[in-house]
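A short write-up of the structure that comes next.
All residue numbers in this chain count up from 1 along the given sequence.
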Amino acid sequence: MKHIRKLFGGLEMTWLKVIIFAVVSGVYTGIMAMLPFTENTSFRDIAASFEWWILFAIIIITNCKKPFEATCKTFVFFLISQPIVYLVQVPFSWLGWGIFRYYPSWFMWTLLTIPMAFVGWFVTKRKWYSLLILSPMLLILGSTGSSYFHDVYYDMPHHLLTVIFCIVQMFVLVLFIFDKTWIRIAGCIANVAILAVFFFITMKDMCYMESTSTYDHDPSHSYSITADDPSIADVEVLNNGQYVQIHTRILKKGNTILRLNDETTGEIHVYTVQCGDDTALTIREAE
């Protein structure tokens with residue numbers, strides 16, 4: 001526990017350490033972003049979302065003596081680390097130097113670290129307002145964790161470590177930055193509320209990962225339907241005598257084939273179902 005607490009105010013954050021920290025972080029992230037076996041895993045998420053970079057920034061900020069020092073060192077950390085992420089990938093990417101087209105958005109976040117780090121330094125005061133200052137980071141972590149939970153739900157266990165890391169970090173920040181018990185309790189209650197809201201929204205959105213589509217088939221016929229891979233899609237045919245519908249509920253990401261059997265004529269209609277990385281559901285008749 002002492003080692004964790006030391007991260008948030010017990011380190012000597014020299015300029016040399018900041019620069020080394022930035023270079024190592026950038027190189028590691030660049031490598032994770034291009035290794036084939038890290039695709040669609042928690043190890044590559046560091047190149048796409050904020051959870052690790054929030055931790056890195058807070059470690060730097062809480063180990064600085066003054067707000068101006070925290071601002072300068074945090075800004076330089078991101079100014080060095082983010083270009084290195086892309087520089088590492090240049091020799092191996094088909095885009096070459098063109099991969100830097102993804103950098104501008106991260107550069108904007110780098111600029112935003114100037115006001116954010118300055119204000120963020122006052123977390124080190126460990127007062128009630130420090131919890132308010134920290135709360136935007138807790139919100140981002142809650143949102144990120146719930147967003148990746150969406151992927152975990154449909155493609156277990158991909159991104160599971162990121163979900164766990166986001167949740168754990170939220171409580172670690174509250175419990176190890178602050179000293180007063182009532183602030184810790186308030187922070188934990190806030191974390192629970194944040195997670196409850198975001199995970200409720202995520203679960204609510206998951207309910208829409210289903211589709212009921214109407215097709216131009218004779219409603220006077222009898223039909224049955226099957227999915228080649230029932231672990232991906234749960235399907236049923238609906239026929240109220242006026243129109244024929246296929247109801248599809250996605251269980252996880254992937255592709256499969258639906259076979260609608262017209263039991264009256266023996267004809268089989270084939271449909272493809274795709275649920276990709278963005279969990280967008282598409283159903284089309286096979287050619």
Side-chain angles (χ1 to χ4, degrees), residues 1 4-5 7-8 25 28-29 32-33 37-62 74 78 81-82 85 102 105-106 108-109 112-113 116-117 120 123 130-178 183-209 250-254 275-281:
M1 294 296 182
I4 298 177
R5 186 175 295 278
L7 287 175
F8 308 110
S25 300
Y28 173 81
T29 302
M32 290 298 105
F37 66 84
T38 66
E39 185 175 2
N40 199 30
T41 71
S42 297
F43 296 101
R44 186 172 291 193
D45 292 340
I46 189 174
S49 46
F50 296 124
E51 64 281 351
W52 280 100
W53 301 103
I54 287 174
L55 178 61
F56 297 159
I58 291 177
I59 289 174
I60 293 172
I61 290 169
T62 54
T74 305
F78 281 91
S81 61
Q82 298 310 305
V85 172
Y102 298 110
S105 61
W106 282 100
M108 292 303 299
W109 280 106
L112 287 173
T113 63
M116 292 170 68
V123 167
S130 302
L131 182 59
L132 294 180
I133 293 171
L134 184 64
S135 59
M137 299 300 102
L138 300 178
L139 286 168
I140 292 175
L141 289 170
S143 175
T144 303
S146 64
S147 176
Y148 279 116
F149 179 73
H150 199 283
D151 295 317
V152 172
Y153 184 86
Y154 287 107
D155 198 13
M156 184 72 152
H158 292 156
H159 305 289
L160 178 60
L161 291 178
T162 298
V163 174
I164 295 172
F165 177 73
C166 288
I167 296 173
V168 170
Q169 185 183 167
M170 292 173 69
F171 288 93
V172 165
L173 293 178
V174 167
L175 294 175
F176 289 92
I177 288 179
F178 299 104
I183 297 180
R184 290 177 174 177
I185 294 174
C188 288
I189 292 173
N191 281 339
V192 171
I194 290 169
L195 291 170
V197 170
F198 279 117
F199 274 80
F200 173 79
I201 293 172
T202 300
M203 293 300 295
K204 185 173 179 291
D205 288 343
M206 288 178 185
C207 295
Y208 293 97
M209 283 307 300
I250 292 299
L251 304 177
K252 68 177 184 180
K253 289 189 288 188
C275 186
D277 287 340
D278 59 356
T279 63
L281 172 62

According to side-chain hydrogen bond (donor to acceptor under 3.5 Å, both in side chains), who are the partners of [X], at least two apart in sequence or on a separate chain?
| X | value |
| --- | --- |
| S81 | none |
| S25 | none |
| R44 | T38 |
| Q82 | none |

Within the structure provided, determine whether [X] and [Y] are in side-chain contact (heavy-atom separation under 4.5 Å).
| X | Y | value |
| --- | --- | --- |
| H159 | N40 | yes |
| H158 | E39 | no |
| I61 | V123 | no |
| L112 | W109 | yes |
| L139 | F198 | yes |
| F178 | S130 | yes |

Review point. Taking all non-hydrogen atoms of both residues, which atom of C188 and which atom of L175 are closest, and how far apart?
Key: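 That would be SG-CD2, 3.7 Å.
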Practice item. Locate the shortest heavy-atom distance separating V163 from F149; write the atom from each residue and the value. Key: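 What the structure gives for the nearest pair is CG2-N, 3.5 Å.
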Quick one: [atom1] on [X] to [atom2] on [Y], what's the gap to the nearest 0.5 Å?
| X | Y | atom1 | atom2 | result |
| --- | --- | --- | --- | --- |
| C166 | L161 | SG | CG | 11.0 Å |
| I164 | Q169 | CD1 | CD | 14.0 Å |
| T41 | L160 | OG1 | CG | 11.5 Å |
| M32 | D45 | CE | CG | 12.0 Å |

Exercise for review: Could you walk me through whether F171 and V192 pass side chain to side chain contact (heavy atoms under 4.5 Å, CB included), step by step?
Suggested key: CA-CA 9 Å; F171 288 93; V192 171; 4.1 Å; yes
Review point. F50 pairs by ring pair (Phe, Tyr, Trp, His ring centres under 6.0 Å) with which of W106, F78, Y148?
Key: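 Exactly one candidate clears the test, W106.
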Donor-acceptor list for residues 51-60 side chains, cut-off 3.5 Å, not counting sequence neighbours:
unit_1 : atom_1 : unit_2 : atom_2 : d
E51    : OE1    : S49    : OG     : 2.7
E51    : OE2    : S49    : OG     : 3.2
W53    : NE1    : I46    : O      : 2.8

Review point. For the side-chain contact (heavy atoms from CB on, under 4.5 Å) test, which of L173, L195, I194 pairs with L141?
Key: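 Passing option: L173.
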Check your understanding: Between S42 (side chain) and T162 (backbone), is there a donor-acceptor pair under 3.5 Å?
Key ->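 Here the side-chain-to-backbone pair exists.
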Check your understanding: Is the backbone of M170 close enough, under 3.5 Å, to the side chain of N191 for a donor and an acceptor to pair up by distance?
Key ->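 Pair found, side chain donor or acceptor close to backbone of M170.
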Check your understanding: Tell me the side chain to side chain donor-acceptor pair (under 3.5 Å) pairs involving residues 134-144, sequence neighbours left out?
Key ->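 For residues 134-144: none.
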